[in-house]
Number of protein chains: 2
Amino acid sequence: MSASVSLPPAQRRSRGRPRKTADERDDGNRRQLLLRAAAGLFRQQGFAGTSTRDIAAAAGMQPGSPFYHFENKEALLAAVMTEGMERATRHQAAAMQAAADAALQAGRVLGARDCLQVLVRSHFDVLLGPESDFIPVMLYEWRSISAPQREAVNRLRSGYEAAWVPVLQALHAQGALQGDPSLARLMIFGALNWAVQWYDPTRRATLDDLTHAALQLFLKEPA
Amino acid sequence: MSASVSLPPAQRRSRGRPRKTADERDDGNRRQLLLRAAAGLFRQQGFAGTSTRDIAAAAGMQPGSPFYHFENKEALLAAVMTEGMERATRHQAAAMQAAADAALQAGRVLGARDCLQVLVRSHFDVLLGPESDFIPVMLYEWRSISAPQREAVNRLRSGYEAAWVPVLQALHAQGALQGDPSLARLMIFGALNWAVQWYDPTRRATLDDLTHAALQLFLKEPA
DNA sequence: CCTACCGATCGGTAGG
DNA sequence: CCTACCGATCGGTAGG
């Protein structure tokens with residue numbers, strides 16, 4: 001089972017390529033462990049309020065070890081944010097695909113209202129569901145990363161939001177959404193993202209309840 | 001003009017009462033200067049990301065001087081928050097009073113829609129207008145104060161939000177607002193508060209534009 | 001990835 | 001309110 005014997009030359013040569021920078025490396029699952037620990041602590045205490053020693057300890061490492069995986073503290077924050085956005089985008093795409101498939105099976109088409117419901121519900125999932133520290137950190141700590149890193153995160157964010165634009169425009173066209181759709185989008189995201197501040201999963205409201213309430217609030221009655 | 005000669009005994013005796021604690025004192029306007037400087041820096045850089053030296057420098061003082069006015073850094077943050085909430089509550093009450101007076105002058109009554117418009121516009125004022133650092137700091141740094149201080153701020157916040165409750169209930173009763181009014185209130189505050197993250201006063205949208213867009217988004221057509 | 005460490009910065013205080 | 005200062009903590013690194 002020795003790879004060094006059975007690998008073809010092309011792959012063998014790739015072992016000699018320049019080493020990845022510290023924040024791209026992935027030795028086992030230690031990097032993921034650090035990311036999860038950082039996400040949780042950054043969410044609880046904020047970026048400036050969390051020391052790299054806190055993060056190391058939460059990941060079961062020694063104080064200097066995070067810097068083996070990440071160039072500096074800021075790169076760790078940026079990695080939490082990009083990881084969060086990538087998860088959110090994948091989750092959203094999967095949810096839309098699943099809804100479209102289910103509609104097809106049932107011989108229906110997916111209306112704009114259905115699309116918005118799927119988008120809102122999927123958004124609540126990544127915002128308030130299990131493993132949901134990454135997106136809140138991105139939402140509330142973006143001022144702590146440098147401009148170039150912020151731009152990279154913003155590109156991911158634009159991709160995520162792009163799925164909403166045609167849905168809101170369609171709803172506007174059919175009279176279910178009043179006013180400029182792009183102002184409406186900003187306010188809708190605000191209403192949803194704010195739930196991070198008050199939602200208590202131990203209370204009676206479920207994510208489906210929140211989704212229903214949001215659609216009731218934003219959309220006009222069908223004509 | 002010597003007060004020590006003309007003051008009656010009762011007031012003279014009051015000079016001997018226990019000294020106010022440091023964070024209640026008000027020597028000239030230095031305390032206000034510190035509060036403003038702290039609000040601006042806390043908003044820009046966050047609580048943990050701002051040093052008391054930064055604040056002192058912004059107020060034109062030496063590094064140790066803030067501690068003459070405030071017991072510690074946390075008390076300074078709490079003072080920014082309570083100051084912000086008191087201003088916001090006063091501003092809101094004045095706006096409602098002015099609208100009611102104007103309606104009376106014109107021989108009309110103030111409907112629930114009018115009330116909501118006044119509340120939303122007043123909220124945008126304290127959130128996005130001039131001197132608007134205090135409320136964003138309260139919204140986004142509340143996790144940085146201790147539980148007892150947080151409770152004091154929350155009492156002020158409840159008072160502020162209390163004005164919204166009957167208005168939203170009335171709108172719900174007349175069919176202009178769908179769904180549970182208290183969930184709607186949380187989402188509406190989210191939509192408005194989120195504007196802190198994206199509103200650019202140099203762009204074309206005015207606070208009146210935002211107010212109009214918000215009412216369009218939340219309210220159903222009049223029956 | 002750990003050990004041992006450095007320089008810088010921070011909140012806060014004594015004493016005037 | 002300033003001067004001078006302390007102990008603690010922090011981000012980060014060398015060397016293995």
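Proteins get letters first, then strands, A, B, ... in listed order; numbering begins at 1 in each.
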No-hydrogen, no-angle side-chain donor-acceptor test under 3.5 Å, [X] and [Y]:
X	Y	result
A/Asp125	A/Ser122	no
A/Asp209	A/Thr206	yes
B/Trp164	B/Gln92	yes

Quick check: does any side chain N or O of [X] sit under 3.5 Å from a backbone N or O of [Y], one acting as donor and the other as acceptor?
X	Y	value
B/Asn193	B/Phe189	yes
B/Arg143	A/Arg43	yes
A/Glu74	A/Ser146	yes

- Query: Reading nucleotides 5-16 of chain C 5' to 3', which nucleotides get B (base under 4.0 Å from a protein heavy atom), which S (sugar-phosphate only), which -?
  - Reply: B----BBBB---

- Task: Whole angstrom is fine here: how far is it from CD in B/Gln62 over to P in D/dC2?
- Result: 5 Å

- Item | Runs of at least three consecutive pairs that involve DNA chain C, where pairs are Watson-Crick or G-U with distances under 3.5 Å | C:1-16 with D:1-16

- Task: Take B/Arg36 and B/Phe134, measure what side-chain contact (heavy atoms from CB on, under 4.5 Å) needs, and give me the verdict at the end.
- Result: CA-CA 8 Å; B/Arg36 251 201 296 275; B/Phe134 291 74; 4.3 Å; yes

- Task: Measure the spacing between CZ of A/Arg185 and CD of A/Gln169 and express it to the nearest 0.5 Å.
- Result: 9.5 Å

